[in-house]
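Structure record follows, encoded as structure tokens.
Lettering of chains follows the sequences in order, A, B, ..., and the numbering in each one begins at 1. Hydrogens, waters and symmetry mates play no part in the numbers below; they use all other heavy atoms, side chains included.
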There are 2 protein chains.
Amino acid sequence: MVTPMIRVLLVDDHPVVRAGVRALLEGQPDIEVVGEAAAADEAERAVRELRPDVVLMDLSLGAGPGGATATAGIRALPEPPQVLVLTTYDTEADILEAVDAGAVGYLLKDAPPDELFRAVRAAVRGEMVLSPAVAARLVRRASSPEPSLTEREVEILQLLATGKGNRELARELLVSEATVKSHLSHIYTKLGVDTRAGAVAVAIERRIIRRG
Amino acid sequence: MVTPMIRVLLVDDHPVVRAGVRALLEGQPDIEVVGEAAAADEAERAVRELRPDVVLMDLSLGAGPGGATATAGIRALPEPPQVLVLTTYDTEADILEAVDAGAVGYLLKDAPPDELFRAVRAAVRGEMVLSPAVAARLVRRASSPEPSLTEREVEILQLLATGKGNRELARELLVSEATVKSHLSHIYTKLGVDTRAGAVAVAIERRIIRRG
DNA sequence: CTCGGCATCATCCGATCGGCTATCGAACGG
DNA sequence: CCGTTCGATAGCCGATCGGATGATGCCGAG
């Protein structure tokens, strides 16, 4: 029997990476790269026009909306393709954000080609695929559950990283200085630190707050 | 006349990227990819055996020594090839470290293929090549010179990011608390902040201190 | 040799921080 | 319907931080 080709769309802002994935996939008899996109809006348009079976999505798309946003946009289309994230980062936050956005799998760019092929074939069937490294990380986190910060606490951390004092935080958040300090205490406990500087370091480390 | 082929060695821990660069370069009649390596030690061995004209080097090689170290090692060999850095990061610190290690150029992975080709041909002639984005960044920094921190100050920042207090810093660095505070004042001035938390954020932002 | 940069140390003091304790309302489950 | 949990709020107080100022010794550049 003739199996229809799996139609793949590549989304990555790095020409080098697009060429690499294309070169690898084109060596497979049952996979066909039908298009490429370098940004979120391009990707969505390409999906409408090309109607691929699987989208290989990078998470960092340079300027503009990131891959997670693009994924959500694509999954919101009628009869959306499966989206398979292929990226460099393996932070728990990144993984969860991608899955929340509707990604069916999460691969790392340092994965061997075979893994990529298997993942594409699994994705088209709607199966969840995770890189071993990614799966391991999720398991590790699940076994020692990371303390989750409340929205307010994240908000505080965000401002904290700008080096603002409690008084300033209080003014910007429209609460009393005492409240800010209370939140900070909770943050310290959850992050396992006992100073502002330590909290900022850990927060950036775990990507709880944004960076350039 | 028959121009000899430019022999290129690829060093990158991402199979996808290696495949991409290989695919792009093999479309060029005067360029030949003679080998690939995924780590620093592999790279050095490959250079000895394959004697390429140009090494395309990624800066982050996963575990083990990074691309800068690998570059230095390769440049220390007899009759070394030119090393052209091809990476994702464009921090001034990364660029300078690479150039210090003996790299002849610095390209970003989001550069268009043409730029890559031109860079390889220029590199083999020993010409310095910078991505426009990289060059722009260096120019911008040069025009508004970034304050450089002393070794001691970086050392302080490193410990600061662990959330330690001045007393602890003093003990670990074997100096008085007053000295620590003096260093901190200088650091604040140079980084344009006025708190420890802000200093940590900026330090991580500018990659002055290491992170996982 | 002199100058400037770096690291070191010292003191004072107001501003700020971090720990402790406690209240209140909303959500949840029994 | 009530107890429990949890997030947000708040005040007190001792410990710490940050700024200002000044001094010393060392070393490399001009």
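- A straight line from CD1 of I156(A) to P of dG7(D) spans 14 Å, rounded to a whole angstrom.
- Contacts of R152(A) classified as salt bridge (Lys or Arg N to Asp or Glu O under 4.0 Å), with partners at least two apart in sequence or in another chain: E155(A).
- When the P atom of dT16(D) is taken as reference, atom CG of L169(B) falls 13 Å away, rounded to whole Å.
- dT8(C) atom P lies 11 Å from atom CD of E151(B), rounded to whole Å.
- In this structure, the CD atom of E177(A) is 11 Å from the C1' atom of dG11(D), given to the nearest Å.
- Looking at heavy-atom distances under 4.0 Å, T179(B) makes contact with a base.
- Here the nucleotide nearest the side chain of N166(A), chosen from dC17(D), dA7(C), dC17(C), is dC17(C).
- Among dA10(C), dA7(C), dT8(C), the nucleotide with an atom closest to any side-chain atom of T150(B) is dA7(C).
- Rounding to whole angstrom units, CD of residue E155(A) and C1' of dG7(D) are separated by 14 Å.
- If you measure from atom OH of Y188(A) to atom P of dC17(C), you get 8 Å, rounded to the nearest angstrom.
- The interatomic distance linking R196(A) (CZ) with dG19(C) (C1') rounds to 14 Å, in whole Å.
- Of the listed residues (D53(B), V124(B), I74(B)), just one forms a side-chain contact (heavy atoms from CB on, under 4.5 Å) with P81(B), and that residue is I74(B).
- Proximity of L107(B) to V85(B): side-chain heavy atoms (C-beta onward) are nowhere separated by under 4.5 Å.
- Checked against dC9(C), dG11(D), dA8(D), the side chain of A178(B) finds its nearest nucleotide in dC9(C).
- Closest contact between the side chain of L184(B) and the listed nucleotides dC17(D), dG18(D), dA7(C) involves dG18(D).
- If you check dC9(C), dC17(C), dT16(D) against the side chain of R167(B), the one that comes closest is dT16(D).
- Counting non-hydrogen atoms under 4.0 angstrom, S182(B) reaches a base of the nucleic acid.
- Between R152(B) and dT8(C), a side-chain N or O to OP1/OP2 separation shorter than 4.0 Å is present.
- Comparing E153(B) and K181(B) by the nucleotide of DNA chain C whose heavy atom lies nearest to each, the residue mapping closer to the 5' end is E153(B).
- Counting non-hydrogen atoms of other residues, nucleotides and ligands closer than 6.0 Å to CZ of R51(B) gives a total above 12.
- Using a cutoff of 4.0 Å between basic side-chain nitrogens and carboxylate oxygens, R18(A) and D58(A) are not scored as salt-bridged.
- Atom NE2 in H183(A) sits roughly 16 Å away from atom P in dG19(C) (whole-Å rounding).
- Using a 4.0 Å heavy-atom criterion, one finds that H186(B) contacts no nucleic acid atom at all.
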